[in-house]
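Here is the naming used below: chain letters follow the sequence lines, and residue numbers restart at 1 for every chain. Please read all numbers here as calculations on a predicted model, not as lab measurements.
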Protein chains: 2
Amino acid sequence: MPVARRTSRDIRSESRLIVVRALLAAGETTRNELADDTGLSAATVSTVVGDLLKYGIAAETGLLSSGIGRPTTGLRLNADRGLVAGVYVEDRYFQATVFDTSLKRLANVRIRATEPVGTADAVIEWTARILDAALGDAGAAREDLLGVGVLLPGGMQRPVKSAFASDAIWLHLDRLRDRLGLPVVVDNPLKAVATAELWLGAGRRFADLVVVNLGEGVGAGIVQDGAVLRGATGTAGEWGHSLLVFEGRECQCGRRGCVEAYVGVPGIRRTLAETEPGHPIADVQGGKFVEALGEAADAGDAAALAAVDRTAQFLGAALADLVAIVNPEHLALAGWTTFPLGERLLPAVRERVRADAPGDAAAELGIELSRSSGMEGIAAVALERFMRDVGLVTTRVLPAL
Amino acid sequence: MPVARRTSRDIRSESRLIVVRALLAAGETTRNELADDTGLSAATVSTVVGDLLKYGIAAETGLLSSGIGRPTTGLRLNADRGLVAGVYVEDRYFQATVFDTSLKRLANVRIRATEPVGTADAVIEWTARILDAALGDAGAAREDLLGVGVLLPGGMQRPVKSAFASDAIWLHLDRLRDRLGLPVVVDNPLKAVATAELWLGAGRRFADLVVVNLGEGVGAGIVQDGAVLRGATGTAGEWGHSLLVFEGRECQCGRRGCVEAYVGVPGIRRTLAETEPGHPIADVQGGKFVEALGEAADAGDAAALAAVDRTAQFLGAALADLVAIVNPEHLALAGWTTFPLGERLLPAVRERVRADAPGDAAAELGIELSRSSGMEGIAAVALERFMRDVGLVTTRVLPAL
């Protein structure tokens, strides 16, 4: 579609979002510091803070003294304004996390089902139940929530084609909203991790960055000019299903040679099996496999060390493609594989990216581990949605509605 | 760097660029049609047209009658306002094209040197000489030029590291400007082709598109939200140096397995040689090879047909990676390989992209041949630069300065 025009109203709305993000990042701060942090004028900050105070999004925290000059009024997000929650929905795994308005985590509940949850009705029921369980742990109830964000993996599968009932949520969003009695936003975990990195991580320093998520599946969240790239059909960032090897290993998506088939957890397992057929840890299932691999490497197991090194080569080469095509200022590595293996992968990955990226595109590129999570990201989106509902934000096109 | 703020002044500037682009695309038009084409209000169009008339960028063309209602005043770009020129500079190939202000091509001159031009001084001299030759053919002189755009291939090589003197232009831009006595803008051909597609091609319908350039080298120009993506170090779009085959064919860039090593002209030649070693046309040099391959395929030569089909598979798989990562609304194929082979490649390429792209990301994607050229694009950038110099445009960060 053609480029949308911007108005002064959009700019006001954008300034409010920028100040909210700066408040989130800073914890406690002042109007002067907000002007410094955001590059907005003191007058704009003052107007925006006035709006946020009026709607209870921000709160004053009394006088702060720096020891020099007269004390100034402190500001922070108003944690008492309400709660937001994130829910992760997969075919057999559900998780709910409750945050206050400053995105401090209050409670977290996980359930793993033994069988895939088979119908949209069942998914909606599970979602409501796990949300209530997390609210209970936080000593809160649904009426305390400003909104809920739902993380649905599988951006590759558009709603209708998906084999999983969880994806059918896309088709039954109104029913989920009715069942919860709350505003609901939905997004793909890759985009949500990128949102978290943008609001709370490297996005405070860089407007153009990529967050790569490494787990069972792999993918990227691309941030450009301070916004998460979605693409024409919402699948931008499906780097896990770009090629590493033309006509190479079979990928779970049905294509051959995808990056995911080499650096997703099953791909790493296969690399170990190719290095040493019958290696004892090759059968360790799920995320525990990467933990076991990290431990074996720590213990000096040669096959484990070789598999980790080979994985670093695959990963570095595949990340260099992102640098070639998108050329970001910063590359963040997130996801569970990075917890046991991140530090071990990083040196070889950095070297490979620098060697493989075009010219010196990666010479100044920071490649760092990140703790950003999709839950924080989707909670931030739910908060943004609330700000839109009260009229503070007008521009941002929210995912999924 | 952090996101830049926008002001009302920026929006005015952007409206002017939008109207200039609409004028370029339309040829002759009216204020009402401009409002329809751009989505700007009639009042904004009227103000912007007033500005453009005042600076002589647009001109009125007398009364137009549609047969219904009263006649309205016609508008077009003022072709008499001045000329712009594009110069293509390679180590042994120079080309200059002169356009009027409505980007109509007036003259075109090419020179191929037998030896690489060895020093920056010599490059500057050649640039001045070929520009004067093209101006002579157009019956014009340097003082008729509003500006010159220089196309420098090799975005992969940053200035200092390059082995070619032509790239040293980056280091001696002030001297080139002094020698020509004119404003000079410089850009990479991939970005310039994308600019041409944006102003004059599919960019009139889509804000998010990718233009792939297929020649000796290959690469992509990525347009997002109506602007050409440059990236942190100016190398965004170096898709030709993303992977097709991990540890595959050697690429001229020094890495192994790049897309360019399979779908650049030397890559296609190698595919033919692998299909039938010693095939008579495998030795045809330069762009003539793809012409000869097209003719052989037309004549039913089995090896030529197989090489073209294999190339379509490589190209389709590599384009699917762009769809996975960037997820554009439209994909345009440009460059000299597409002249003899485009129609022949297109059906298999479309099929492969649809099969390989994640989910149904390519289901609605248009994949079309494009006649956009870097020369038109760099001339458009030179025109934009002129509009900035007279104060009509403030926002756009121009390439290379």
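- Across A:A236, A:A362, A:A324, A:G203, the residue that shares the most heavy-atom pairs under 4.5 angstrom with chain B is A:A324.
- Using a 4.5 Å cut-off on side-chain heavy atoms (C-beta onward), B:I325 and A:E238 make no contact.
- Scanning all heavy atoms of the two residues, the minimum distance from A:R352 to B:F246 falls at NH2-CE1, 3.6 Å.
- A pairwise comparison of heavy atoms in A:A320 and B:R255 identifies CB-NH2, 3.9 Å as the closest pair.
- Looking only at side-chain heavy atoms (C-beta outward), A:L243 and B:L243 stay at 4.5 Å or farther from each other.
- For B:Q313, the parts lying near chain A are the backbone and the side chain together; criterion is any non-hydrogen pair under 4.5 Å.
- Rounding to the nearest 0.5 angstrom, the gap separating the CG atom in A:D225 from the CG atom in B:D225 is 8.5 Å.
- Interface remark: B:L244 contributes backbone and side-chain atoms alike to the contact with chain A (heavy atom separation under 4.5 Å).
- Contacts with chain B were tallied for A:G219, A:G257, A:A317; A:A317 has the most, counting heavy-atom pairs under 4.5 Å.
- Heavy-atom contacts from other residues, nucleotides or ligands closer than 6.0 Å to CD of B:E351 number 12 or fewer.
- Atom CD of B:E368 sits in a crowded spot, with more than 12 heavy atoms from other residues, nucleotides or ligands closer than 6.0 Å.
- Ion pair A:E247/B:R310 flagged as a salt bridge, since at least one NZ, NE, NH1 or NH2 atom sits closer than 4.0 Å to an Asp/Glu carboxylate oxygen.
- Residue A:D321 holds its CG atom at 8.0 Å from SG of B:C258, rounded to the nearest 0.5 Å.
- Distance check: B:N327 CG to A:R230 CZ gives 11.0 Å after rounding to the nearest 0.5 Å.
- Under 3.5 Å, the side chains of B:T233 and A:D360 contain no donor-acceptor pair of N or O atoms.
- In this structure, the portions of B:F314 lying under 4.5 Å from any heavy atom of chain A include both its backbone and its side chain.
- Only the side chain of B:L322 comes within less than 4.5 Å of a heavy atom in chain A; its backbone stays farther off.
- Taking both residues in full, the closest heavy atoms of B:P328 and A:A232 are given as O-CB, 3.5 Å, listed atom of the first, atom of the second, then distance.
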